[in-house]
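Please read these numbers as outputs of a predicted model, since none were measured by experiment.
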Amino acid sequence: MPPASRLIAHLDMDAFYASVELLRRPELRGRAVVVGGSRARAARFEDGHWPRLGDYAGRGVVTTATYEARARGIHSGMGLMKAAALAPDAVLLPADFDEYRRLSRAFKEAVAELAPAIEDRGIDEIYIDLSAEARAHEPLGHDPLGGARALAQDIRNNVRAATGLSCSIGLAPNKLLAKIGSDLEKPGGLTVLTAADVPQRIWPLPVRRINGIGPKAGARLDALGVQTIGDLAACAPDWLVEHFGRTQGLWMHRSAHGLDDRPVVTHSDPVSMSRETTFERDLHPRHDREQLGALFTRLCEQVAADLQRKGWVGRTIGIKLRFDDFRTVTRDLTIELPTADAALIRRAGGLCLKRVSLNRRLRLLGVRVGTLSRADAQPPRPRPKRPLPVPSPAPADAPLTQTLPLFPDES
DNA sequence: TCTGGGGTCCTAGGACCC
DNA sequence: TCTGGGGTCCTAGGACCC
């Protein structure tokens, strides 16, 4: 039985964090504003000036920028220092995630009043399955896309009324095209795409506009002479499979032709929870041992608190380290019974840490708990015991630190 | 003065069991 | 002595997304 045709919307809030900031600081409208650097001191209007991006010194990246700042070449993910070189006079505001989460809940509730089949895709975007709503128009002989367009308008108006914020919506037969569509007429766009529009409107776009083709795949395709989605659509599936493997190659081919049958998933359980922090300055595993140990303990307490607050426990405890050369390593350890206990997580994390040779300064430390189950569920049958992994021997050229106790232990 | 923090999913090898 | 598979779990790394 062929699946009935669907109507999917992708809704994306316009420059979300920056727009939230403008909501409470309307005098900044029209100016280049950058949100980022959560450690930046609270932004205040002082001595006739807002904090200047050009005065910032430190690590941190741009989280969002207003369209005025984007016009200067600033985009999210860019280092704040690089952004400061492009627009030193831009206003820099620290991120206020509590406020963003509050407005995120508000816009999603406003959508749910009109269309409840929502897939959460993070703080500022969602997919909505409008198939049922669209079908309700058909028996009346309405043009289904006309009805859908009107419904999308209603959704946008409801979001605006509830939050004061604007969003862009893509309407299409699947998630892939809806997502591309919501980005085509930003900000404030409402874009309808059908399968018939693919050659005209999708094929001229760069391959990177396909959600799932990132920097690496994009560069590899480019090196193979494939720049646009149309180029990709013209590639033989076998040739793509040869270069990218069966799964990814076939997926690329289908995507380039606008095909995607992923459902809108309205509920999902978390897989892991983590906390990590990049230090203000790189820390030395030996000289800064105490500070590292204290930070490590704090991260474990934060993950534990997150788990407890949300009612989850986990069996796989992992750590993540990033060295000053940006090399990243992870280690994890699966324990018998799931936990949300900070001291237990700390101890397991300490064992993981012993399997890393610490021969460079560190810039980041993280703690993760995975293989989650509900805290109120029957405790799962303990897994058969495995021998504890033997810490891998330090390489011959490892420095002395390897043989010393690493971080202060509570034992 | 490069490069955040919180996630998901995939791959691949080895252990271990049947 | 050598030769098999399949399935699941665990671990490490990497790509990607918001």
- request: Check each of A:R360, A:R59, A:R361, A:R322 against A:D282 using the salt bridge (charged side-chain N to carboxylate O under 4.0 Å, His left out) test, and report the only one that passes.
  value: A:R59

- prompt: Looking only at side-chain N and O atoms, does A:R315 come under 4.0 Å of OP1 or OP2 in C:dC10?
  reply: yes

- prompt: OP1 or OP2 of C:dA12 sitting under 4.0 Å from any side-chain N/O of A:R355?
  reply: yes

message: Taking the nucleotide of DNA chain B with the nearest heavy atom to each, does A:M273 or A:D324 sit closer to the 5' end?
response: A:D324

message: Does atom CZ (A:R246) have a neighbourhood of more than 12 heavy atoms from anything else shown, all under 6.0 Å?
response: no

message: When you measure from the side-chain N and O atoms of A:T330 to the phosphate of C:dA12, is any distance below 4.0 Å, counting only OP1 and OP2?
response: no

OP1 or OP2 of B:dT1 under 4.0 Å from side-chain N/O of A:R59: no

- request: Respond yes when some side-chain nitrogen or oxygen of A:T316 is under 4.0 Å from OP1 or OP2 of C:dC10, and no when none is.
  value: no

statement: Ranking B:dG5, B:dT8, C:dC16 by distance to the side chain of A:A217, first place goes to C:dC16

query: Between A:R70 and A:Y67, is NZ or CZ placed under 6.0 angstrom from the six-membered ring centre and within 45° of the ring axis?
result: yes

- prompt: Going by distance alone, is a donor N or O of one side chain under 3.5 Å from an acceptor N or O of the other, for A:K186 and A:S182?
  reply: no

- prompt: Will you find, in the side chains of A:S166 and A:D14, an N or O donor that is under 3.5 Å from an N or O acceptor?
  reply: yes

query: In the structure shown, which nucleotide is the Watson-Crick or G-U wobble counterpart of B:dC9, with both distances under 3.5 Å?
result: C:dG14

task: For A:Q248, report the nucleic acid contact type (base, sugar-phosphate, nothing); a contact means any heavy atom under 4.0 Å.
output: nothing

query: Under 4.0 angstrom, heavy atoms only, what part of the nucleic acid is A:V61 near: base, sugar-phosphate, or nothing?
result: base

query: Reckon A:T247 touches a base, only the sugar-phosphate, or nothing at all at heavy-atom distances under 4.0 Å?
result: sugar-phosphate

- request: Indicate, with a heavy-atom threshold strictly under 4.0 Å, whether A:L80 touches base, sugar-phosphate, or nothing.
  value: nothing

message: Using a strict threshold of under 4.0 Å (side-chain N to carboxylate O), is an ion pair present between A:D96 and A:R24?
response: yes

- prompt: OP1 or OP2 of C:dT11 less than 4.0 angstrom from a side-chain nitrogen or oxygen of A:T334, does that happen here?
  reply: yes

task: To the nearest Å, give me how far apart CG (A:L299) and P (B:dG6) are.
output: 8 Å

- prompt: Are any of A:S272's side-chain N or O atoms less than 4.0 Å away from OP1 or OP2 of B:dT8?
  reply: yes

message: Below the 4.0 Å mark, does C:dA12 have OP1 or OP2 next to a side-chain nitrogen or oxygen of A:R331?
response: yes

field: Atom-pair distance (CG on A:L103; C1' on C:dC18), nearest Å
entry: 17 Å

Length of the CD-C1' vector between A:E280 and B:dT1, whole Å: 14 Å

message: Need one value for A:M78: base, sugar-phosphate or nothing, where a base atom within 4.0 Å counts as base even if backbone is also close, heavy atoms only.
response: nothing

- prompt: Hey, does A:K216 reach any base, or is it just sugar-phosphate, or nothing, if we go heavy atoms under 4.0 Å?
  reply: sugar-phosphate

message: For a quick check of understanding: with a heavy-atom distance under 4.0 Å over all strands, which category does A:K320 fall into, base, sugar-phosphate or nothing?
response: nothing

task: Let me know the distance between CZ of A:R327 and C1' of B:dC2, rounded to the nearest Å.
output: 19 Å

field: C1' spacing across the pair B:dG4 / C:dC16, given as an integer number of angstrom
entry: 16 Å

query: How would you label the contact of A:A85 with the nucleic acid (heavy atoms, under 4.0 Å): base, sugar-phosphate, or nothing?
result: nothing

Nucleotide of B:dG4, C:dC17, B:dG5 approaching A:L364 most closely (side-chain heavy atoms): B:dG5

message: Around atom NZ of A:K82, are there more than 12 heavy atoms from other residues, nucleotides or ligands closer than 6.0 Å?
response: no

- request: Would you kindly give the CG-to-C1' distance between A:L365 and B:dG6, to the nearest whole Å?
  value: 15 Å

task: Figure out the CE/P separation between A:M13 and C:dC18, and round it to whole Å.
output: 15 Å

field: Distance in angstrom units between A:F279 CZ and B:dT1 C1', rounded
entry: 19 Å

field: Whichever of A:R363 and A:S274 has its nearest DNA chain B nucleotide further upstream toward 5'
entry: A:R363

field: Between P of B:dG6 and OH of A:Y100, the distance in whole Å
entry: 16 Å

